[in-house]
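Since the structure comes first, as structure tokens, the remarks are kept for the end.
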Amino acid sequence: MDSMHDLGGMEGFGPVQPEDNNGSVFHAPWEGRVLGLQRAILYSEAWNIDVFRHAQERIHPIEYLSWSYYERWTHTLIATALERGLFSLDEFRAEVSLTGNLSESLKVLTVKGVDKTFVRGNFERDGIHDPQFSVGDLVITKELHVNGHTRLPRYARDKIGTIIAIRGRHVFPDAVVSHGAENPQWLYTVEFEGCEVWGEASDTTVSNLVDAFEPYLSRPEYD
Amino acid sequence: MDSMHDLGGMEGFGPVQPEDNNGSVFHAPWEGRVLGLQRAILYSEAWNIDVFRHAQERIHPIEYLSWSYYERWTHTLIATALERGLFSLDEFRAEVSLTGNLSESLKVLTVKGVDKTFVRGNFERDGIHDPQFSVGDLVITKELHVNGHTRLPRYARDKIGTIIAIRGRHVFPDAVVSHGAENPQWLYTVEFEGCEVWGEASDTTVSNLVDAFEPYLSRPEYD
Amino acid sequence: MSGSDHHDHSHGEESILTDIQKRVKALESILVSKGLVERATIDQIIEHFENKVGPHVGARVVARAWIDQEFKRALLEDATKAINSQSDFPQVGQHLIAIENNDSLHNVVVCTLCSCYPWDVLGLPPVWYKSAPYRSRIVSDPRSVLKEFGLELSEAKKIRVWDSTAETRYLVIPQRPVFLGVKSESELAKCVTRDSMIGTGKVSPLSEDNVNG
Amino acid sequence: MSGSDHHDHSHGEESILTDIQKRVKALESILVSKGLVERATIDQIIEHFENKVGPHVGARVVARAWIDQEFKRALLEDATKAINSQSDFPQVGQHLIAIENNDSLHNVVVCTLCSCYPWDVLGLPPVWYKSAPYRSRIVSDPRSVLKEFGLELSEAKKIRVWDSTAETRYLVIPQRPVFLGVKSESELAKCVTRDSMIGTGKVSPLSEDNVNG
């Protein structure tokens, strides 16, 4: 869905507020707790990162812009846990389980196992199909308006670009969210001239690159 | 500028809340006062409707979404009056003029003159140039990212459509805001197939129409 | 105009006036003090929009178009000229455009960039017309949005979504429903709802409650 | 998740815990009570992100690439494999991609759709990286945004803006500035700032204050 999260190309938010290198820290203890909880839940496989991202996309636009990053995480975790029945609203309010234990059905991240999870997971999957495009190919991105989750930003739709790399065959986020299947797809890095994306009058020294799954791409009719 | 006001095609705002016919009223007495003030100021020619619209576009996105229509008007009128020096912040706070009278330099809308202003103004202007396009012509809208005011919405950019009507030669809002000149331009109604705008998978019975000024349009390279 | 004070609207007030009421009052006062605004003029403008214009104006135009084929032809050719040619209608501004629904086509009007609206013939715009949910979604998914208004169109019906991006203004001429039967112009006008002239509602058999607030 | 309660964050609390602190505490408590989460694990995760990973990891990778041409070649070919081949670096996940600045090209990284970031090598993302001003404007007007960071690029320099829209992650290899002179790998690493590895900042002559928080 094309909601508030798809920010690329919007204006009016004011200047960036740079933060010195000390910024790579938590700004309050609760932020660390949320991060830890999010990682423990992803490990449990109650849901995956794509579902988590899509849940954030469904935050109302006013909240999406008003809340901080970890506030968004907090609300998304609670809402998704309630939606998926990890606990009931009564249980959340009481802060105590009234029905049973989740550790029988879901994986529990322990102190012993946690170190292994600090290496990012791999979303590449084997498959028999060859990639449809090659490095150097011209492609046109689709005008895609998905009633669900997609990773092709609005600014990069219906634009002609060039494949500059093939990144392997990856879990397809659109499919994970819409029907819970990995449906792996070839992933490409596509480069667009800035003028193709932002118009003739834009800075000609700029190019934009996105990582695009094969279903987002087709061959331009005239090339 | 491509700010929060350019809402066409966004999702996530929830369902429309229809209002019965009694809705064509003010919902509080102050709303009527704001409307009256806005009309009196437009009449004074302190600024025009394009400047007023652009001032609304510069409202921070969070406020743009949080404020009601007449709240946006109120904040915009105050901010623009301060920017243009109609009064100072001290005068606004004191609610009294400390420097002088504006009626010497600006037109004052009186009870006697007000009736005439209820008929909408005419923004059509004579000129010597013929329209560049004719009804039935295929046109492509520009990928326009103006650092100022424009009336071509994002969803209708870089799209191929058909001219269905020529509406006359009108004051060009982009020029009014950027350099205070009317710079009149031919205005066309352009119809786009929904699939051109929203992608192959969209409802094929839908078409979108916008009123586009000539500088927004060019001829497609392949037609 | 900064992003920082949007949390402060609804609390911390010391007087019975809300923040927005205070601001409007201050704006009016300073403009009166500057000699730019006369309070009586503002009263007059409010009076006009509360009691004179409104959907009943557009409804009379539509009703006449239903009854008088010659007027309808003129209306579709140049709505401003046609309306201003009738001595019993209020004068309207330039570039009013009438668009007609028929068995195979439905028209609906929006202004995605602000809230342009045919005030001359419909009066004050309703809240939803100016809201983000309507402005964002009517252009990309009109059929679903119209359903939320209770307007279920057949799947074969073509929908044209008119975005008022310039100083033209659009008035939808709804189809005259068969159920209205033979009625006078003024009886018919009572059945033409505001929403039917925006393209988001039905013509109603239920008289003037739907038109006059 | 409704739109109605966003005005209520900052007032009306009865305890010293803010609303967000209460929610996080409640979430942790119910998940512990459900047996899904162990508090000690959360402690361990926080410890990891507070003290183990951070821009100093990426800085060492960059410094080694500056010094060791063979490592740099391998890094640009497959950054994950190159880093994991070095026994003194922490292991990193798949699909880390190193992109190199040079005299005619500057690279900058963003995630417009959420906030994807190379945590393995840079630790926690800074607030601005996750913010609307950066995510919205770096793709359309990178030169101006970089200026706001104090990075004025020559007008002739090409800028590539990489949007992390999938599970690939990007690490910028900044140019080794002439002013650094001959230094050891660990001395060089102290000059590689976090922002220089995102593409929004300069390499600094000013030692480790810039790298370790």
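Both backbone and side-chain heavy atoms feed into the values below; hydrogens, waters and symmetry mates do not. Every chain is numbered from 1 and lettered A, B, ... according to where its sequence line falls, protein lines coming before strand lines.
- The two residues B/Gly12 and A/Ser3 have their closest heavy-atom pair at CA-OG, 3.8 Å.
- Between the CD1 atom in A/Ile62 and the CZ atom in B/Phe13 there is a gap of 8.0 Å [rounded to 0.5 Å].
- With respect to chain A, the highest number of heavy-atom pairs below 4.5 Å among B/Asp6, B/Asn147, B/Val197 belongs to B/Val197.
- Ranked by non-hydrogen atom pairs under 4.5 Å with chain B, the options A/Arg154, A/Met4, A/Lys159, A/His145 are led by A/His145.
- Counting heavy-atom pairs closer than 4.5 Å to chain A, the top-ranked of the candidates B/Gly14, B/Pro61, B/Ser202 is B/Pro61.
- Counting heavy-atom neighbours within 6.0 Å of A/Arg125 CZ, excluding the residue itself, gives a total above 12.
- At least one donor-acceptor pair closer than 3.5 Å links the side chain of B/Glu11 to the backbone N or O of A/Asp2.
- Heavy atoms of other residues, nucleotides or ligands lying less than 6.0 angstrom from NE2 of B/His179 number more than 12.
- Note that the CG atom of A/Leu65 and the CD atom of B/Glu63 stand 11.0 Å from one another [nearest 0.5 Å].
- Heavy-atom pairs under 4.5 Å with chain B were tallied for A/Met1, A/Glu143, A/Glu196; the largest tally goes to A/Glu143.
- Around the CD atom of B/Glu200, the shell of radius 6.0 Å holds no more than 12 heavy atoms that belong to other residues, nucleotides or ligands.
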